[in-house]
Structures are given as structure tokens and as C-alpha cells.
Amino acid sequence: MPDHDWDISPQEAMALQARLAERVRIEPLRGPVRTVAGVDCAYLGAGPPWAQPTDRRVVAVAVLLDADSMATLATACVVRPSAFPYVPGLLSFREAPAVIEAVGKLPERPDLLMCDGQGIAHPRRLGLAAHVGLWCDLSTIGVAKSRLCGRHRAPGRRRGCRTQLRLDDADAGARGQLVGAVVRTRTGVKPLVVSPGHRASIDDAVRWTLRCGRGVRLPEPTRRAHHHVSREKRRRGGQP
DNA sequence: GCGACAG
DNA sequence: ATCTTGTCGC
């Protein structure tokens with residue numbers, strides 16, 4: 001596992017990502033998946049887009065669910081300072097510390113973890129899901145509501161349709177490398193961008209995203225984590 | 001220099 | 001991510 005410093009500059013973070021990405025393992029999930037966890041973050045005291053942040057703290061929630069019934073088995077919540085700014089491509093340096101801590105507070109390690117964001121569908125192959133998976137040595141997949149990089153055709157309009165996501169020629173390293181898929185999780189709605197994080201394959205990412213679906217756009221683990229973290233944010237004072 | 005740009 | 005109510009469509 002990595003064990004690096006999180007308090008570094010954006011320049012150092014980018015260099016670090018390139019090195020860490022070499023250790024990410026894209027391979028089929030092994031062993032039965034009995035539990036799946038979802039994680040999400042919210043920012044305290046963020047205020048309107050035009051206002052300056054009042055409180056620089058992030059709240060992260062991890063939810064553990066039974067992979068068959070999708071029943072909630074446990075939830076964990078953490079609140080901690082977040083110093084790193086949001087920079088496209090460096091999201092993990094802003095959220096991973098909180099996410100890792102929340103997952104660590106769950107009563108048991110999940111067989112699969114779903115993160116809000118990219119896995120290896122990233123300019124340097126180290127999106128949030130890949131970084132967290134590497135750090136915790138867990139199987140992870142990234143489920144994002146929009147694309148960070150790469151090119152793809154529009155998937156069919158029906159639930160279950162998906163197209164390949166390949167890196168742009170501009171992304172250093174692999175030109176046209178297959179890194180994920182754009183999946184229609186619900187007929188007629190905007191598709192999700194999924195990619196493996198660590199110790200999972202692209203097929204696993206697509207399969208579990210659809211398998212955890214409940215007729216709504218977001219898969220249940222992610223959806224539940226989002227609802228829980230939103231409630232937690234309001235309870236702690238969204239605008240101190 | 002000009003676009004693109006997870007949450 | 002964040003602010004915010006009602007409203008249009010299946």
C-alpha cells in the first residue's frame with residue numbers, strides 16, 4: 001500500500017499519481033461478492049457558488065450493503081478538515097482521506113467499493129476509485145455522473161446499453177486505451193461513466209453498476225451514501 | 001493561445 | 001460539490 005503524504009502541492013500530486021498508477025491492478029474480481037459499499041462526500045459551509053467558503057470541512061459517509069438484497073448492513077460517517085482545493089484530475093487529494101477513514105470505520109471490509117468519480121478513466125490513470133482502492137487494497141470501481149476525459153460513442157437509449165470509453169490521444173501513456181464504459185442505467189436518462197478502480201475489471205464495473213441498480217440512475221450503494229451524507233450535512237449545519 | 005475539466 | 005421550488009412527463 002502507498003502510504004504517502006496527502007499534504008502536498010498540486011504539482012507534486014500529479015507526479016505522485018503517475019507513479020501510483022503503475023501499481024493499480026486491473027483484473028477480474030476474485031471470490032464471491034457478498035457485500036458492496038458506497039461512499040460519498042459533502043462540504044460543510046460551502047454556501048452559494050459566488051460566496052467564499054466559510055468552513056473548510058468535508059463529511060464522508062460509507063454505507064455497507066448486502067450484495068444480494070441491497071439491504072443496508074451498516075453506515076459510517078466522518079468529518080475532517082479538507083485543505084486541498086478542487087482541481088479536475090486531483091479530486092482524490094481532496095476526498096480520499098475522508099473516504100478512506102469512513103470506509104475504515106465500517107464494521108468490516110466490503111468485497112467491493114463503489115466511489116463517486118472515476119477509476120482509471122483518468123488522465124494519469126488514477127481517479128478517486130483507483131487511488132482509494134490502492135491505498136486500502138480493496139476492489140473498487142468508479143461510478144461517475146459525467147466524464148473527466150476520454151472519448152466514446154453515445155450508448156443506446158435503453159437501460160443496459162453501454163459503449164466503450166477510451167483515452168484521448170492527448171492523454172500521456174496509452175493512446176486509445178480502453179479504460180471504462182458509458183452505461184445507460186435507466187432508459188432515457190443520462191448515462192453513467194464507469195471504470196474499474198483497483199482489483200476489478202471493466203466488465204466488473206459495468207456488471208456491478210447495473211446489478212446494484214434499482215430502476216433509478218444511480219446504483220444503490222452510491223445513492224444511499226449520497227442521501228445519508230446529505231442528511232448529515234444538513235444536520236451539522238450546511239451554512240454555519 | 002484555446003477548449004476541457006470527476007466532485 | 002453548492003443554492004433552490006415548482007413543475008413537466010411517464
| query | Which is it for A:Asp68 and A:Arg34 under the salt bridge (Lys or Arg N to Asp or Glu O under 4.0 Å) test, yes or no, and what are the steps along the way? | reply | CA-CA 7 Å; A:Asp68 291 322; A:Arg34 297 200 173 79; over 6 Å; no
| Which nucleotide in the set C:dA1, B:dC5, B:dA6 lies at the smallest distance from any side-chain heavy atom of A:Arg147? | B:dC5
| said: Starting the side chain at C-beta, find the nucleotide from C:dA1, B:dC5, B:dA6 nearest to A:His226. | reply: C:dA1
Applying a 4.0 Å non-hydrogen cut-off, can you work out what [X] is touching in the nucleic acid: base, sugar-phosphate, or nothing?
X: A:Leu192; result: nothing
X: A:Ala51; result: nothing
X: A:Gly142; result: nothing

| message | If you define the side chain from C-beta out and look only at heavy atoms, does anything of A:Arg199 sit under 4.5 Å from A:Glu27? | response | yes
Rounded off to whole Å, could you give me the [atom1]-to-[atom2] distance for the [X] and [N] pair?
X: A:Leu91; N: B:dG7; atom1: CG; atom2: P; value: 8 Å
X: A:Glu95; N: C:dA1; atom1: CD; atom2: C1'; value: 8 Å
X: A:Phe93; N: B:dA6; atom1: CZ; atom2: P; value: 17 Å
X: A:Arg234; N: C:dT4; atom1: CZ; atom2: P; value: 12 Å
X: A:Leu218; N: B:dA6; atom1: CG; atom2: C1'; value: 13 Å
X: A:Gln17; N: B:dA6; atom1: CD; atom2: C1'; value: 12 Å
X: A:Arg57; N: C:dT2; atom1: CZ; atom2: P; value: 14 Å
X: A:Leu44; N: C:dC3; atom1: CG; atom2: P; value: 11 Å

Would you indicate, yes or no, if [N] has its OP1 or OP2 atom less than 4.0 angstrom from a side-chain nitrogen or oxygen of [X]?
X: A:Lys145; N: B:dG7; value: yes
X: A:Lys233; N: C:dA1; value: no
X: A:Ser146; N: B:dC5; value: no

I'd like to know whether the aromatic ring centres of [X] and [Y] sit less than 6.0 Å apart in this structure.
X: A:Trp6; Y: A:Phe93; result: yes
X: A:Trp135; Y: A:His198; result: no
X: A:His131; Y: A:His4; result: yes

| request: Identify whether a stacking contact exists between A:Tyr43 and C:dA1, where the ring centres must be under 5.5 Å apart and the planes under 30° apart. | output: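 Taking the rule of under 5.5 Å and under 30°, the ring of A:Tyr43 does not stack on C:dA1.
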